[in-house]
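Report on the following structure.
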Amino acid sequence: MIAFVSGPVAALAPTTAVIEVGGIGMAVQCTPDTLAGLRIGKEATLATSLVVREDSLTLYGFADDDERQIFELLQTASGVGPRLAQAMLATHRPDALRIAVATGDEKALTAVSGIGKKGAQKLLLELKDRLGEPVGAHIGQQGIGAAVSSSWRDQLQAALIGLGYATREADEAVTAVAPQAEAAIADGGQAPVPQLLRAALQTLNRAR
């Protein structure tokens, strides 16, 4: 297996980067986000996963090992091949996918081209407990990309927007679960962001 490629970027295309490795141009399939971070002539290192088929060898590239790991774990679900796994990562960051699976968020998965409602339900069942906990930021302590000092409202809104919901939808969901958060704070505790996130997602699903 080719674990990574490193070298100058020789060419960029809408779905592919060519990395020069030892005088050989390695064509690597990448998501738009990964490609956006590359520049022709600049050095780059991409974590990679080699997909072997009877008639082809395709190298998929990722910004880091976490994306590569999620890419491979997604393919353990039936019906998920490398193209769909890459499409899922093109739509959601790894932690957003982990949260979507952990909270049973169908909408986050159906936002991916090629995944319908039934497919999302099946994936949620099959991927449960496979993707692990969010690694970029711990929900309930920091939220998604939020500072430790952020309020529960900021954490919850950031998490919902990170899962693909519009700001208006996120605001309405936060308002809906506010009494639950305020009750927890009134009892001398902290707002339980993971539980609030699940409740907010249930509210959004009912509103559809």
Side-chain angles (χ1 to χ4, degrees), residues 1-77 80-101 108-109 111-115 127 130-139 141-150 154-155 157-167:
M1 175 181 177
I2 302 174
F4 70 92
V5 295
S6 184
V9 179
L12 292 171
T15 61
T16 308
V18 178
I19 309 295
E20 184 180 343
V21 182
I24 298 174
M26 306 286 286
V28 186
Q29 299 288 316
C30 303
T31 65
D33 277 354
T34 299
L35 290 169
L38 303 177
R39 297 291 182 272
I40 293 177
K42 299 293 185 180
E43 292 286 324
T45 298
L46 297 176
T48 56
S49 180
L50 180 64
V51 176
V52 180
R53 295 287 186 263
E54 289 185 3
D55 58 349
S56 66
L57 296 173
T58 306
L59 198 60
Y60 289 84
F62 310 92
D64 53 41
D65 287 334
D66 188 38
E67 283 192 2
R68 192 233 337 254
Q69 181 183 28
I70 292 298
F71 173 78
E72 293 174 349
L73 287 172
L74 289 172
Q75 292 177 73
T76 64
V80 179
R83 290 185 182 277
L84 183 55
Q86 189 180 51
M88 294 171 76
L89 282 168
T91 305
H92 298 297
R93 297 290 296 164
D95 275 355
L97 285 171
R98 289 185 176 102
I99 294 169
V101 171
L109 295 188
V112 179
S113 177
I115 299 180
L127 293 173
R130 293 189 192 181
L131 302 187
E133 294 290 327
V135 297
H138 194 278
I139 298 301
Q141 292 181 0
Q142 291 178 280
I144 297 183
V148 175
S149 59
S150 294
D154 292 338
Q155 294 178 38
Q157 185 180 52
L160 292 168
I161 291 173
L163 289 172
Y165 290 94
T167 301

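With contacts defined as side-chain heavy-atom distances shorter than 4.5 Å, the pair Leu89/Leu97 qualifies. Side-chain atoms of Gln29 and Leu59, non-hydrogen and from C-beta on, never get closer than 4.5 Å to each other. Annotation: side chain of Glu67 is in contact with side chain of Asp64 (closest heavy-atom distance under 4.5 Å). No side-chain heavy atom of Thr34 sits under 4.5 Å from any side-chain heavy atom of Val28. A 4.5 Å side-chain heavy-atom check between Val51 and Tyr60 finds at least one atom pair inside the cut-off. Between Cys30 and Phe62 there is no side-chain heavy-atom pair separated by less than 4.5 Å.
Using a 4.0 Å cut-off between a side-chain N of Lys or Arg and a carboxylate O of Asp or Glu, Arg98 and Asp66 qualify as a salt bridge.
Looking only at distances, no side-chain donor or acceptor of Arg93 sits under 3.5 Å from a matching main-chain atom of Ala90. Not one N or O on the side chain of Ser56 forms a donor-acceptor pair closer than 3.5 Å with the backbone of Val52. Looking only at distances, a side-chain donor or acceptor of Thr48 sits under 3.5 Å from a matching main-chain atom of Phe4.
No more than 12 heavy atoms of other residues, nucleotides or ligands shown are found within 6.0 angstrom of CZ on Arg83.
Side-chain contact, Arg53 with Thr58: no donor N or O sits under 3.5 Å from an acceptor N or O.
Nearest heavy atoms, Val5 versus Ile2: CG1-CG2, 4.0 Å.
Atoms CG and CG, from Leu74 and Leu131 in turn, are 6.0 Å apart once rounded to the nearest 0.5 Å.
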Next on the checklist: If you apply the rule side chain to side chain contact (heavy atoms under 4.5 Å, CB included), what do you find for Thr15 with Gln86, and how did you get there?
Outcome noted: CA-CA 11 Å; Thr15 61; Gln86 189 180 51; over 6 Å; no
Item to check | Full working for side chain to side chain contact (heavy atoms under 4.5 Å, CB included) between Leu84 and Gln75 | outcome: CA-CA 9 Å; Leu84 183 55; Gln75 292 177 73; over 6 Å; no
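By the side-chain hydrogen bond (donor to acceptor under 3.5 Å, both in side chains) test, Asp65 pairs with Arg68, sequence neighbours left out.
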